[in-house]
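Input: a single structure, listed below in structure tokens.
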Amino acid sequence: MIPDWSAERREMVDRQLRRRGISDKRVLHAMSEVPREEFLPVEARILAYKDGPVDIGWGQTISQPYMTALMAQELELKGNETVLEVGAGCGYAAAVLGALAARVVTVEIVPELVDVARANLRRTCRDGNVLVVRGDGSMGYAGSAPYDAISVAAAAPDIPMSLVGQLGDPARAVIPVGSREGQELRVIRKRAGRIDFRTGVACRFVPLRGGEGWH
Ligand code: SAH
């Protein structure tokens, strides 16, 4: 029998997202559609709707569902955007972003995870609008720039300015900034040539490697 996770998924959306203030209807819909269990190794699927990050191997994690939803909500996607994600991991957040935007390019530095993310997305993503690129995304990915939105899924000591340089106008970006032990989610908004930075919730992500990341 194929296990049915839809009840767990509905409960996650209600308890972990709606009750904590995620209100963007498109984000709530995407989170209730994308099968998170499909992005975890078979033996870890039991943890798919847990209220926290889960190890996915190679020292990396799949983010807490709330964090994936919050980051997506901060990007205020309407459906016609090109989005860059840095740090595909298993591809889950990219699938959520793919359900919210026209096109997603996600860069992953661990070669094995590139294969995992591609396989997971091929199995689950109806639109095929997510491209997984292998490489160091700490300086962005010039190939498809400018972007309407950028989501960085690994923490940096500062906002990498090369990423800001790949934003279109208008555009938004989210990135965890701080030390290895703890960070704050920074929200960047660009409009009519002006860039605003806002500090959001406390968070803890794996470090962004290479480039302008950790020294
Ligand atoms: N987006 C994932 C979370 C991934 S965790 C989700 O759906 O939950 C962060 C990922 O960033 C890890 O897979 C890690 O290998 C990757 N990463 C770290 N530094 C990177 C870099 N410079 N370029 C691309 N990926 C990077």
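The first residue in the sequence is number 1, and the count goes up from there. Counting starts at 1 for both ligands and their atoms, following the listed order.
- With rounding to the nearest 0.5 Å, the separation of OG1 in Thr124 from CD in Glu33 is 12.0 Å.
- Rounding to the nearest 0.5 angstrom, the gap separating the CZ atom in Arg118 from the OG1 atom in Thr106 is 10.5 Å.
- Ligand 1 lies nowhere less than 4.0 angstrom from a heavy atom belonging to Met67.
- When each atom of ligand 1 is checked for a heavy atom of Leu208 under 4.0 Å away, the hits are 19 (N), 20 (C), 21 (C), 22 (N).
- With rounding to the nearest 0.5 angstrom, the CG atom of Leu77 is 8.5 Å from the CG atom of Asp148.
- The ligand atoms of ligand 1 that sit less than 4.0 angstrom from a heavy atom of Thr61 are 3 (C), 4 (C), 5 (S).
- Looking at Val206 against ligand 1, only its side chain comes within 4.0 Å, counting heavy atoms.
- Contacts of Arg209 with ligand 1, taken as heavy-atom pairs under 4.0 Å, involve both backbone and side chain.
- When side chains are defined from C-beta on, Met67 counts as touching Cys203, because their heavy atoms get closer than 4.5 Å.
- Of all the heavy atoms of Thr106, none lies under 4.0 Å from any atom of ligand 1, so neither backbone nor side chain is involved.
- Taking 4.5 Å as the limit, some side-chain heavy atom of Val105 sits within range of a side-chain heavy atom of Arg103.
- Arg189 places none of its side-chain heavy atoms less than 4.5 Å from the side chain of Arg198.
- Ligand 1 does not have Pro53 within reach: every non-hydrogen atom of the residue lies 4.0 Å or more from it.
- Contacts of Ala94 with ligand 1, taken as heavy-atom pairs under 4.0 Å, are absent altogether.
- Look at Ile62 and you'll find a heavy atom under 4.0 Å from some atom of ligand 1.
- No side-chain N or O of Glu38 forms a donor-acceptor pair with one of Asn120 less than 3.5 Å apart.
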